[in-house]
Protein chains: 2
Amino acid sequence: MDDGNPARTRIQRRNRKAILEAALEVFSAQGFRGATLDQIAAEAGLSKPNLLYYFASKEAIHAELLAGLLDIWLAPLRELDPAGAPQAEILRYVRRKLEMSRAMPRESRLFANEMLQGAPRLAEALPGLKALVDEKAGVIRAWSEAGRLAPVDPHHLIFAIWALTQHYADFEVQVRAVLGPGHDPYDEAGAFLDLLFARLLRV
Amino acid sequence: MDDGNPARTRIQRRNRKAILEAALEVFSAQGFRGATLDQIAAEAGLSKPNLLYYFASKEAIHAELLAGLLDIWLAPLRELDPAGAPQAEILRYVRRKLEMSRAMPRESRLFANEMLQGAPRLAEALPGLKALVDEKAGVIRAWSEAGRLAPVDPHHLIFAIWALTQHYADFEVQVRAVLGPGHDPYDEAGAFLDLLFARLLRV
DNA sequence: CTGCAATCTGACCATACGGTCAGAAAAGGA
DNA sequence: TCCTTTTCTGACCGTATGGTCAGATTGCAG
């Protein structure tokens with residue numbers, strides 16, 4: 001019941017989906033240890049034993065959430081196209097990443113929680129992450145060396161994009177508290193980041 | 001025993017300090033719910049009942065840590081000097097903030113944990129935070145309008161500084177995993193951020 | 001040294017939590 | 001309909017955890 005392949009019956013599909021949705025809600029808001037099976041079960045509209053009928057353990061639910069997460073999270077970076085226009089490609093990446101923070105703040109916070117704790121349940125995925133980043137860093141470096149982009153450390157450029165976009169999801173309370181009502185943080189951030197990266201990368 | 005004024009006896013000073021140090025270690029690594037009094041007591045070299053002789057509850061320890069944190073954390077921003085040279089002032093702020101991430105990564109993660117959970121125990125401090133940020137945003141806006149700084153949204157500039165500097169502490173595992181061995185993330189970040197903000201703010 | 005206050009401890013308690021299990025209820029195919 | 005499989009539940013268990021307490025131990029002023 002805790003395997004990765006798609007659930008067979010209609011009921012299984014519905015309930016597994018409800019559980020993962022509920023778990024995302026609770027895990028992202030409370031962290032792994034802070035979340036309880038009772039909370040998740042209540043949020044999913046199921047009883048706790050029934051929840052454990054679909055997933056072997058709390059760990060298993062969390063693991064399944066994380067498993068899907070990295071792929072989704074890194075998809076925009078994967079699409080960075082070496083054949084595209086350097087500045088446009090990076091700006092497009094920034095915008096897509098910011099859009100993900102807006103549309104999936106819970107996923108962002110789930111990821112942040114995991115990283116804050118030292119990525120104990122994501123450690124094995126880190127080498128793959130490094131490989132992808134190194135590859136794309138190579139693309140960016142080549143653009144710089146070809147004079148199509150201002151010279152810049154590609155790894156830290158990528159870190160900067162992550163930090164700046166995820167910040168709006170992970171620290172949303174703070175951002176909203178500081179801006180006060182009547183602001184759309186993500187809209188403003190979009191404009192600001194366009195400007196920032198344009199100035200940073202202009203040859 | 002859980003009041004704010006300085007402990008009287010030598011033993012109290014020593015043990016309260018040890019407890020807060022241990023609690024910072026554990027809370028920042030595990031989050032509030034993830035941390036246990038036993039862990040903190042062990043880390044501090046005290047028994048759990050003895051720990052509770054000095055602090056009324058787990059909450060009280062956490063509260064005392066947070067109480068001191070915001071002040072320390074915002075000190076560099078407070079020092080942003082309206083009478084200084086705009087670019088130099090902001091670059092100095094960035095460097096000091098990055099230095100804090102390097103020297104106090106646990107404090108950074110404690111703060112991040114709190115924000116991720118929606119700042120339940122810091123909510124009352126947010127208005128004061130907004131006031132400070134608004135004040136400094138005013139300074140930056142004035143610099144921009146006087147043509148001494150490239151035009152830029154001051155609030156989001158401050159968010160950017162927070163995001164970029166704290167990222168290296170909060171996501172340290174990820175940063176190190178991606179860079180691989182033989183890198184000093186903070187040294188490299190220092191150079192990168194100097195460049196970034198110089199290009200962003202140049203008139 | 002004496003006696004009081006400060007410090008510390010082992011034993012204990014109540015609750016919360018992850019997880020189990022026997023069996024009831026519902027689905028679904030024949 | 002009948003029968004098998006899937007889905008679901010109430011009751012329960014063991015452990016972890018925050019916290020209490022009576023009393024032992026230690027520090028220290030006189």
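Because the structure is predicted, anything quoted here is derived from the model rather than measured. In what follows, chains carry the letters A, B, and so on, assigned in the order in which the sequence lines appear, proteins first and then strands, with residues in each chain numbered from 1. Heavy atoms only: backbone and side chains are in, while hydrogens, waters and symmetry mates are out.
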Do R141(B) and D153(B) meet the salt-bridge criterion of a basic N to acidic O distance under 4.0 Å? no
Would you mind telling me which of S28(B), S101(B), P105(B), S108(B) makes a side chain to side chain contact (heavy atoms under 4.5 Å, CB included) with D170(B)? S108(B)
Does a side-chain N or O from N15(A) land closer than 4.0 Å to OP1 or OP2 of dC8(D), or not? yes
A correct 5'-to-3' footprint of nucleotides 13-30 of chain C, with B, S and - meaning base, sugar-phosphate only and no protein heavy atom under 4.0 Å, is ----SBBBB------S--
Of the options dC8(C), dC8(D), dA6(C), whose atoms approach the side-chain atoms of Y54(A) most closely? dC8(D)
Could you tell me the separation between the CZ atom of R16(A) and the P atom of dT7(D), rounded to a whole number of Å? 11 Å
With the threshold set at 4.0 Å, does a side-chain nitrogen-carboxylate oxygen contact exist between E21(A) and R106(A)? yes
Would you call the rings of F159(B) and W162(B) parallel, tilted or perpendicular, where under 30° means parallel and over 60° means perpendicular? tilted
Search all heavy atoms of A41(B) against all heavy atoms of S47(B) and return the closest pair with its distance. CB-C, 4.0 Å
Could you work out how much the helix from dC1(C)-dG30(D) to dA30(C)-dT1(D) bends, comparing the axis of its first five pairs with that of its last five, to 10°? 10°
May I have the distance from R14(B) (atom CZ) to dG27(D) (atom P), rounded to whole angstrom? 9 Å
Under the 3.5 angstrom rule, does the side chain of E89(A) hit a backbone N or O of G84(A) as a donor-acceptor pair? no
dT7(D) phosphate, OP1 or OP2, under 4.0 Å from Y53(A) side-chain N/O: yes
Does T9(B) put a side-chain nitrogen or oxygen below 4.0 Å from OP1 or OP2 of dA6(C)? no
Within the 6.0 Å centroid threshold, strictly below: F55(B) and H62(B): no
Any carboxylate oxygen within less than 4.0 angstrom of a Lys/Arg side-chain nitrogen, looking at D187(B) and R102(B)? yes
Does the pair R92(A)/E99(A) count as a salt bridge with the N-to-O cut at 4.0 Å? no
Roughly how many Å is it from CD in Q12(A) to C1' in dT6(D), rounded to a whole number? 8 Å
Atom-pair distance (CZ on F27(B); P on dT17(D)), nearest Å: 13 Å
